[in-house]
Amino acid sequence: LAARIKDVTDEANRACDKARTQLDDWLIECQLTDTMREILDDAAKVGTGVVKGPTPAHSLRKKFTRNALVIEDRLVPESSRTSYWNLYPDPACGEDIHKGNWIWEKDSLSEKSVRGLRGLPGYIDSQLDRVLGEGPTKYVAGGKVTWIETKQEERGLYDIWYFHGTITREDIEACGYTKSLKEGASSFEARLTLINDHVVHAALNPLESGDFPYDVIRWKRRPGHWAGTGVARQMRTSQKMVVAATRNLMDNAGIAAGPMFVVGRGIRPQNNVWELKPRKFW
């Protein structure tokens with residue numbers, strides 16, 4: 001029995017070592033360390049840093065096999081920085097974005113990047129062709145605004161929106177999701193991608209918990225809000241004190257920068273202005 005327990009334990013340890021090596025390799029490949037430095041910089045400046053991931057990404061691996069070049073297209077996990085300006089959580093989420101019903105992320109893509117989405121799993125090619133035919137558009141309070149440039153390469157960037165949240169069965173079917181849905185369920189945790197207000201990708205959330213692929217780092221907690229407080233906001237009062245003291249010091253130094261000349265008794269300012277000023281005659 002002891003030998004059997006030892007064999008099982010050794011096998012489990014070897015499996016853990018292999019899993020740890022695989023995870024470390026993935027983290028190194030997606031440059032997680034550099035990404036976290038950027039996120040900590042955001043958190044220190046404005047109080048909020050956002051990391052997205054892990055999300056599936058395509059990775060090309062080149063290798064030589066039997067004197068031939070082989071290119072493999074693999075799906076690997078990836079983590080990336082998301083700008084705090086481009087993240088829109090549910091206002092009802094409180095201090096935790098994962099407690100909200102939905103979350104939106106905005107990004108920009110060039111025409112080449114939009115074309116590169118064609119053929120990828122889950123993307124609707126007919127919708128992408130429709131988007132490319134329209135060209136980049138922007139949406140304001142009054143509705144859709146098209147770019148005035150006539151040349152395709154001068155139309156600018158496409159606004160792309162990523163939605164994660166709860167939607168109804170009718171909505172996800174209308175978005176082009178053709179796979180079978182769970183019978184009896186009226187709502188689902190879904191992921192949608194929109195360009196020019198057209199759904200170009202629809203899928204169910206791969207996480208059974210329904211969590212969003214975002215994590216927020218707050219430098220200092222702000223009660224009741226998902227965003228935090230940064231270093232600049234924390235030191236605002238002390239900064240005002242230092243600025244006021246420095247200004248007063250420089251004003252005094254300016255007054256004392258030059259000598260004053262006093263001539264006679266019962267003096268008055270020569271220019272009849274009662275103020276202290278360098279190199280002034282009294």
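All heavy atoms count here, side chains included; hydrogens, waters and symmetry mates do not.
Here the options are Y88, W161, Y214, the test is side chain to side chain contact (heavy atoms under 4.5 Å, CB included), and the partner is E105; only Y214 passes.
For the pair D42/V50, no side-chain contact is recorded, criterion being any heavy-atom separation below 4.5 Å from C-beta on. Within the 4.5 Å cutoff, no side-chain heavy atoms of K18 are placed close to those of Q22. For the pair M36/I217, a side-chain contact is recorded, criterion being any heavy-atom separation below 4.5 Å from C-beta on. Residues R233 and W219 fail the side-chain proximity criterion, which asks for heavy atoms closer than 4.5 Å. By the 4.5 Å heavy-atom criterion applied to side chains, W104 and L194 are counted as neighbours. In this structure, the side chains of S108 and D159 come closer than 4.5 Å at one or more pairs of heavy atoms.
Taken together through direct or relayed side-chain contacts under 4.5 Å among Ile, Leu, Val, Met, Phe, Trp and Tyr, V243 and M235 form parts of separate hydrophobic clusters. In the hydrophobic clustering of this structure, V262 groups with W274; members are Ile, Leu, Val, Met, Phe, Trp, Tyr whose side-chain heavy atoms approach within less than 4.5 Å, directly or through other members. I124 and I195 are assigned to two separate hydrophobic clusters, defined by single-linkage of ILVMFWY side chains at heavy-atom distances under 4.5 Å.
For R37, the side-chain hydrogen bond (donor to acceptor under 3.5 Å, both in side chains) partners are D34, not counting sequence neighbours. Qualifying ring pair (Phe, Tyr, Trp, His ring centres under 6.0 Å) partners for H98, counting only residues two or more places apart in sequence or in other chains: F212.
In this structure, CZ on R191 lies 5.5 Å from NE2 on H201, to the nearest 0.5 angstrom.
For the pair K280 and W282, the distance from NZ or CZ to the six-membered ring centre is under 6.0 Å and the angle to the ring normal is within 45 degrees. K45 forms no cation-pi arrangement with Y84, by the criterion of a distance under 6.0 Å to the ring centre and an angle within 45° of the ring axis.
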